[in-house]
There are 2 protein chains.
Amino acid sequence: MSKQPELPADVALMWGLRDVTKRGPKPSLSVEDIVRAAIELADAEGITAVSMARVAERLGNSTMALYRHVKSKDDLLVLMSDAALERPDPLPDGVDWRTGLTFWTAGVLTAVRKHRWYSKLPISGPPAGPNNLAWLDSALGALKDTGLSEEGKVGVVMGLMTYVQGEIRLSMDLAAGFADNPDAFSRYGATLARVVDPRQLPALAEVLAAGVFDEVESFDETDEADFDFGLQLYLDGVAGFIERTCQPDVT
Amino acid sequence: MSKQPELPADVALMWGLRDVTKRGPKPSLSVEDIVRAAIELADAEGITAVSMARVAERLGNSTMALYRHVKSKDDLLVLMSDAALERPDPLPDGVDWRTGLTFWTAGVLTAVRKHRWYSKLPISGPPAGPNNLAWLDSALGALKDTGLSEEGKVGVVMGLMTYVQGEIRLSMDLAAGFADNPDAFSRYGATLARVVDPRQLPALAEVLAAGVFDEVESFDETDEADFDFGLQLYLDGVAGFIERTCQPDVT
DNA sequence: CTAATTAGCGTAACTCATACGCAGTAAGGG
DNA sequence: CCCTTACTGCGTATGAGTTACGCTAATTAG
């Protein structure tokens, strides 16, 4: 009665729906502990440092003990991907959709920036955990007064998530690469210049000639600008869509 | 004279700039062979099947032989990421920028769809290989008649790449998950319905009530529609940007 | 008290990436 | 024609990773 047919195992775990058992020793470990330890480890040393052995060590348990609580390492990664994004701040009251979505996007970005390994996780399904769904709900809520159909809202939000996801991955990867060897990046323009043949890649050659890639310095800042630039373009498109859909011209 | 200071090693490899040596045995293996074998393997069995041992086996060589041609496995992955995307078809002559970018995007999508592991590669830098740069050049070329500054073009193209990249990753991951267990996906709406509390996630609950997630069947097709929807929104934004920038109002 | 149930863990099998050094091979110099 | 030189391929070994399996001990239901 409390549990109808079959929820996928990971989903149930994320929502804390375990069947409570009475017999046997009290567990000294909980899934939450494990996930928390794994996240701390990833924060400190990167996602590649997250091995079952290291997580167990951090908890003072043996490696195999973890498998009593988690089906596999991939399972653990899925749990991490939901737990890492804390619930979003509620949208300010009475703001228009555009302000709302901008606020939402900024929130995603700061949330993800706390866990730089996030973009390296192998995602394998649509959002299903409580935190991820809260973010989804928040974005949908920002569109509540637009008059869009539910389907339209979902389309807009999925496009936004796609863009944000892409930007996160791109910028995090670049930032990581930049941290690894700053030289290769500051010379990016120079490297390209030596390799690009203006006959074959004329448009790119012109960009290089204009020196656009010469001033690459850090990444955490330039990102911000690029990110916002693309975001505003997308939101402009959304604005057009809303107008077209909800206020048909009275021609 | 033929080789000035220091090109990053991977970049040189991608462009086939090896210093030719005369002495010693003729190599029985080339970087190209290795990369091709690795790509075939990834196409057939997924990126996780790509290990140095498996690639070498496929070539009839020993594992360690590969390291004569490739610095590390990561190096090999970088080479794969450039080699996997064959050069783009040239843009049709005389098309406007919007048609051009749509064409370009479709090209990226079909190119990537041939290698479904592509989105799982750990990218660690801006594009530098011949194929990747050809794609970049092609997109920039589509904007040649817009009157945008070089910097503006780069911004627009980077935003587009970000969106496409995000979409690719999302859709490929979903498709993979769908292939793994179709059940969980066809029940996605039902699963959410059981877990979403309308008090806490009201906007999401409404979407569910409208049945938006009920008709999830395949993914390769619905993707197309979602993808195009978001893309057109972004291009709408670009159109506004071009107008604003290049044809200032005569108020 | 007994039986059922479950947590933690030790062992071991397997797959990986890769450092290191040796052996053999082909070209250049005499 | 032979030796030097530089380079290729490969065998071995190390250390790290995931995880199947089965044992032991703890805990509670009856």
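Residue numbering restarts at 1 for every chain, and letters A, B, ... go by the order of the sequence lines.
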Heavy atoms of B/Leu231 and B/Tyr163 approach each other most closely as N-OH, 3.5 Å
Separation of atom CD in A/Glu57 from atom C1' in D/dG17, rounded to whole Å: 14 Å
What is the distance from CG of B/Leu66 to P of C/dC16, rounded to the nearest Å? 13 Å
Could you tell me how far apart B/Ile47 (CD1) and C/dC16 (P) are, to the nearest whole angstrom? 13 Å
Take B/Lys26 and B/Tyr67, find for each the nucleotide of DNA chain C with the closest heavy atom, and name the residue whose nucleotide sits nearer the 5' end. B/Tyr67
Taking only N and O in the side chain of B/Ser28, is any of them less than 4.0 Å away from OP1 or OP2 of D/dT8? no
Mind calculating the distance between CE (A/Met64) and P (C/dT11) to the nearest angstrom? 13 Å
Sorted by position of nearest nucleotide on DNA chain C, 5' first, the leading residue of A/Arg68 and B/Arg54 is A/Arg68
Do A/Trp117 and A/Ser81 have side-chain heavy atoms sitting under 4.5 Å apart? no
Passes side chain to side chain contact (heavy atoms under 4.5 Å, CB included), B/Met161 versus B/Trp135? Steps please. CA-CA 10 Å; B/Met161 290 177 72; B/Trp135 282 99; over 6 Å; no
Between C/dA17 atom C1' and B/Ile34 atom CD1, what is the distance in whole Å? 15 Å
Is A/Thr63 touching bases, backbone alone, or none of the nucleic acid, heavy atoms closer than 4.0 Å? base
Does the pair B/Leu136 and A/Val207 meet the rule for a side chain to side chain contact (heavy atoms under 4.5 Å, CB included), with working shown? CA-CA 11 Å; B/Leu136 177 55; A/Val207 168; over 6 Å; no
Can you tell me how far C1' of D/dT18 sits from CG of A/Leu76, to the nearest Å? 12 Å
For A/Arg116, does the CZ atom sit with more than 12 other heavy atoms under 6.0 Å from it, leaving out its own atoms? no
Under 4.0 Å, heavy atoms only, any strand: does B/Ser51 hit a base, just the sugar-phosphate, or nothing? sugar-phosphate
Take B/Asn61 and A/Lys71, find for each the nucleotide of DNA chain D with the closest heavy atom, and name the residue whose nucleotide sits nearer the 5' end. B/Asn61
Whole Å only: how far is the NE2 atom of A/His69 from the P atom of D/dT19? 16 Å
In whole angstrom, what separates B/Met52's CE from D/dC10's P? 14 Å
